[in-house]
Asker: 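Before I ask anything, here is the structure I am working with.
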Amino acid sequence: MSAPAASGRNPLIPLAGALVAGLIFGVGLIVAGMSNPAKVLGFLDLAGAWDPSLALVMVGGIGVARLGLLLGRRTRRSASGEPFHASGHRPVNRRLLVGSALFGIGWGLAGYCPGPAVVAVGAGSLAALPLVAGMLIGLWVRGPRKAD
Amino acid sequence: MSIAWTAFTPGSALAGGALIGLAASVLWLVNGRVAGISGILGGLRWRPGDRGWRLAFVAGLLAAPAVLGWVAPGIGEFAPAGQGSAEVIRLFVAGLLVGIGTRLANGCTSGHGVCGLARLSPRSLAAVAVFMGTAFAVVFIARHLIGVGL
């Protein structure tokens with residue numbers, strides 16, 4: 001949990017870090033074209049005129065995120081003083097598979113995953129509003145089974 | 001399968017992806033947190049002692065279109081508003097499935113698809129295989145078997 005950092009560093013650092021990260025994340029999604037569900041569906045439509053762009057978004061994202069992870073291995077704590085909150089290596093279980101299947105159905109029905117949906121609301125896209133409403137209900141109706 | 005060369009945007013896809021990876025690195029190195037959007041949103045309710053950085057991240061996401069529009073006008077496409085109640089219901093039901101599914105699976109395209117795969121997590125690999133597989137199947141059934149536009 002995020003009790004105040006033991007090192008007593010400036011409490012604004014995590015807020016600034018998260019704000020900047022969210023901003024860059026959103027800009028990245030828009031630049032990549034992922035804020036447009038039609039483009040995402042173009043990737044998901046393997047049997048139609050297939051747009052492979054989303055695969056390259058993942059390649060770029062995974063590659064650069066990996067560099068960040070490797071950099072983080074040099075220190076015990078993050079810059080804000082918070083420890084690294086990594087989810088442990090839990091097994092692949094039914095919950096993960098069922099949840100991912102439900103998510104995939106929803107993603108395929110609309111072309112929105114959580115990040116682009118929030119960004120689209122920020123852009124004033126009315127199409128994303130009912131989706132985000134449903135998503136927040138889905139996320140908030142039941143808590144996580146255990147603290148993780 | 002035929003590749004839609006006119007729709008394919010490899011340069012901006014890689015550049016946008018790299019920015020997403022940069023954002024994930026910033027959140028990891030500064031906050032020690034995984035940039036998983038569904039987890040960040042879910043935690044707004046389930047981790048009440050921990051709202052500040054989550055709200056800041058969501059504020060950044062929401063501000064991104066305006067900031068990008070100011071720096072580089074003309075970049076970015078968004079969907080037109082849904083037409084009719086059937087469209088709104090489809091979007092709402094899709095959202096419910098996205099929310100419930102990512103809550104159960106503890107992650108979505110960002111947490112599992114980008115951050116989890118970057119960590120070489122077997123759970124994330126399984127999650128990505130399943131949600132991509134089902135999404136491919138849903139679009140195939142809708143567009144090519146039933147023949148609805150989506």
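Each chain gets a letter, A, B and so on, in the order its sequence line appears, and its residues count up from 1.
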Asker: Below 4.5 Å from any heavy atom of chain A, which atoms of B:F8 appear? Answer side chain, backbone, both or neither.
Answerer: both
Asker: Counting heavy-atom pairs under 4.5 Å to chain A, which of B:T6, B:T9, B:V34, B:L125 comes out on top?
Answerer: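 Answer, by heavy-atom pair count under 4.5 Å with chain A: B:T9.
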Asker: Would A:L136 and B:R45 count as a side chain to side chain contact (heavy atoms under 4.5 Å, CB included) if you check the C-alpha gap in whole Å, the side-chain angles of each, and the deciding distance to 0.1 Å?
Answerer: CA-CA 10 Å; A:L136 291 179; B:R45 166 151 186 182; over 6 Å; no
Asker: Distance check, rounded to the nearest 0.5 Å: A:F25 atom CZ versus B:I37 atom CD1?
Answerer: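 The CZ atom of A:F25 sits 4.0 Å away from the CD1 atom of B:I37.
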Asker: Between B:R54 and chain A, which part of the residue has a heavy atom less than 4.5 Å away: side chain, backbone, both or neither?
Answerer: neither
Asker: CE of B:M132 to CG of A:L54: how many Å apart, nearest 0.5 Å?
Answerer: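 These two atoms lie 5.5 Å from each other.
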Asker: Picking from A:G33, A:A16, A:G48, A:G63, which has the most non-hydrogen pairs under 4.5 angstrom with chain B?
Answerer: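 Top option by heavy-atom pairs under 4.5 Å: A:G48.
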Asker: Counting only non-hydrogen atoms closer than 4.5 Å, does B:A66 touch chain A with its backbone (N, CA, C, O), its side chain (CB onward), both, or neither?
Answerer: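 Neither the backbone nor the side chain of B:A66 comes within 4.5 Å of chain A.
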Asker: Mind checking whether A:P14 and B:V30 have side chains closer than 4.5 Å, heavy atoms only?
Answerer: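 No, too far: nothing below the 4.5 Å cut-off.
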Asker: Between A:W140 and B:L44, is there a side-chain heavy-atom distance shorter than 4.5 Å?
Answerer: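 Touching, per the 4.5 Å side-chain cut-off.
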Asker: If you tally heavy-atom pairs under 4.5 Å against chain A, which of B:I3, B:I75, B:L29 wins?
Answerer: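 Going by pairs under 4.5 Å, I would pick B:L29.
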Asker: Which region of A:A38, side chain (C-beta onward) or backbone (N, CA, C, O), has a non-hydrogen atom less than 4.5 Å from a non-hydrogen atom of chain B, or is it both or neither?
Answerer: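 A:A38 has no heavy atom closer than 4.5 Å to chain B.
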Asker: Roughly how far, to the nearest 0.5 Å, is the CD1 atom of A:I24 from the CZ atom of B:F57?
Answerer: 9.5 Å
Asker: Taking A:G26, A:A128, A:A55 one by one, which has the highest count of heavy-atom pairs under 4.5 Å against chain B?
Answerer: A:G26
Asker: Is it the case that one hydrophobic cluster holds both A:L23 and B:V58, taking links as side-chain heavy atoms less than 4.5 Å apart, direct or via other members?
Answerer: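 A:L23 does not cluster with B:V58.
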Asker: What part of B:V67 is in contact with chain A, defined as an atom under 4.5 angstrom from a non-hydrogen atom: side chain, backbone, both or neither?
Answerer: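 Only the side chain of B:V67 comes within 4.5 Å of chain A.
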Asker: Over all heavy atoms of both residues, which pair between B:L62 and A:V118 is shortest? Give the atoms and the distance, please.
Answerer: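 Heavy atoms of B:L62 and A:V118 come nearest at CD2-O, 3.4 Å.
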Asker: Would you say the side chain of B:L68 lies within less than 4.5 Å of the side chain of A:V31, judging by non-hydrogen atoms?
Answerer: yes
Asker: Picking from B:I141, B:V98, B:V114, B:I100, which has the most non-hydrogen pairs under 4.5 angstrom with chain A?
Answerer: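 Max contact count across the listed options: B:V98.
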Asker: Do you see a donor-acceptor pair shorter than 3.5 Å between the side chains of B:N31 and A:H85?
Answerer: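 The answer is no; no qualifying pair exists.
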Asker: With a 4.5 Å cut-off on heavy-atom pairs, point out which of A:C113, A:G17, A:A133, A:G60 contacts chain B the most.
Answerer: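 Result: the option with the highest number of such pairs is A:G60.
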Asker: Chain A heavy atoms under 4.5 Å from B:S121: which part of the residue, side chain, backbone, both or neither?
Answerer: neither
Asker: Mind listing the closest non-hydrogen atom pair of A:G72 and B:W28 along with its distance?
Answerer: CA-NE1, 4.5 Å
Asker: According to a 4.5 Å side-chain heavy-atom criterion applied to Ile, Leu, Val, Met, Phe, Trp and Tyr, with indirect links allowed, do A:V132 and A:V40 form part of one hydrophobic cluster?
Answerer: yes
Asker: In terms of heavy-atom pairs under 4.5 Å with chain A, which of B:I20, B:V128, B:V26, B:V71 leads?
Answerer: B:I20
Asker: Is any side-chain heavy atom of B:R123 closer than 4.5 Å to one of A:R90?
Answerer: yes
Asker: Check step by step if side chain to side chain contact (heavy atoms under 4.5 Å, CB included) holds for B:R33 and A:F84.
Answerer: CA-CA 6 Å; B:R33 296 288 179 170; A:F84 292 109; over 6 Å; no
Asker: How long is the straight-line distance from CZ of B:R103 back to CG of A:L102, given to the nearest 0.5 Å?
Answerer: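 That separation rounds to 14.0 Å.
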Asker: In this structure, is the centre-to-centre distance between the rings of B:F136 and A:F43 below 6.0 Å?
Answerer: yes
Asker: Quick one: what part of A:L129 sits under 4.5 Å from any heavy atom of chain B, side chain, backbone, both or neither?
Answerer: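 Contact with chain B is absent: no heavy atom of A:L129 under 4.5 Å.
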Asker: When only pairs under 4.5 Å are counted, which of B:A15, B:A24, B:S38, B:A129 shares the most heavy-atom pairs with chain A?
Answerer: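 Highest number of pairs under 4.5 Å: B:S38.
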Asker: Measure distances from A:P83 to the heavy atoms of chain B and classify the residue's part below 4.5 Å as side chain, backbone, both or neither.
Answerer: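 Contact with chain B: backbone only.
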Asker: Taking all atoms of both residues into account, what is the closest heavy-atom pair of A:G106 and B:A94, and its distance?
Answerer: O-CB, 3.4 Å
Asker: For a quick test of reading the model, state the closest non-hydrogen atom pair linking B:F78 to A:S35 and the distance between them.
Answerer: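 Reported closest heavy-atom pair: CE2-CB, 3.4 Å.
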Asker: Looking at A:S78, A:G122, A:G68, which one has more heavy-atom pairs under 4.5 Å with chain B than the rest?
Answerer: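 Ranked by heavy-atom pairs under 4.5 Å with chain B, first place is A:S78.
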Asker: Looking at every heavy atom in both B:T102 and A:P114, which two are closest together, and how far apart are they?
Answerer: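 Scanning both residues, the minimum pair turns out to be CG2-CG, 4.4 Å.
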Asker: Are the side chains of B:V130 and A:F103 in touch, meaning some heavy atoms are under 4.5 Å apart?
Answerer: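 Result no, sub-4.5 Å side-chain heavy-atom pair not found.
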Asker: Same cluster for A:V141 and A:L131 if Ile/Leu/Val/Met/Phe/Trp/Tyr side chains link at under 4.5 Å?
Answerer: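 They do not share one cluster, since no chain of ILVMFWY contacts under 4.5 Å joins A:V141 to A:L131.
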Asker: Quick check: closest heavy atoms across A:A127 and B:A79, and the distance to 0.1 Å?
Answerer: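 Distance-wise, the nearest heavy atoms are CB-CB, 4.0 Å.
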Asker: Between A:E82 and B:W53, is there a side-chain heavy-atom distance shorter than 4.5 Å?
Answerer: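 Side chain of B:W53 against side chain of A:E82, heavy atoms only: no contact under 4.5 Å found.
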Asker: Hey, what do you get for CG (A:L44) to CZ (B:R143), rounding to the nearest 0.5 Å?
Answerer: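 Here the rounded value is 8.5 Å.
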Asker: Just by distance, do the side chain of A:K39 and the backbone of B:E77 share a donor-acceptor pair under 3.5 Å?
Answerer: no
Asker: Check whether B:W46 and A:M135 end up in the same hydrophobic cluster, where Ile, Leu, Val, Met, Phe, Trp and Tyr are linked by side-chain heavy atoms less than 4.5 Å apart.
Answerer: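 Same hydrophobic cluster.
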Asker: Quick check on the hydrophobic clustering: are A:W107 and B:L96 connected, directly or via other members, by side-chain heavy-atom contacts under 4.5 Å?
Answerer: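 No, separate clusters.
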Asker: With a 4.5 Å cut-off on heavy-atom pairs, point out which of A:L69, A:V27, A:V59 contacts chain B the most.
Answerer: A:L69
Asker: As an exercise: rank A:P37, A:A120, A:A101 by heavy-atom pairs under 4.5 Å with chain B and give me the winner.
Answerer: A:A101
Asker: Please tell me if the side chains of A:R66 and B:L117 come closer than 4.5 Å, counting only heavy atoms from C-beta onward.
Answerer: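 A side-chain contact is absent here, since even the closest heavy-atom pair is not under 4.5 Å.
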Asker: About how many Å separate OG1 of B:T134 and CG of A:L109, when rounded to the nearest 0.5 Å?
Answerer: 10.0 Å
Asker: Taking the side chain as every heavy atom from C-beta outward, state whether B:N106 and A:L96 have any atom pair closer than 4.5 Å.
Answerer: no
Asker: Counting only non-hydrogen atoms closer than 4.5 Å, does A:P116 touch chain B with its backbone (N, CA, C, O), its side chain (CB onward), both, or neither?
Answerer: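 When you check distances to chain B, no heavy atom of A:P116 falls under 4.5 Å.
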Asker: Give the member of B:A118, B:S25, B:G52 that has the highest number of heavy-atom pairs under 4.5 Å with chain A.
Answerer: B:A118
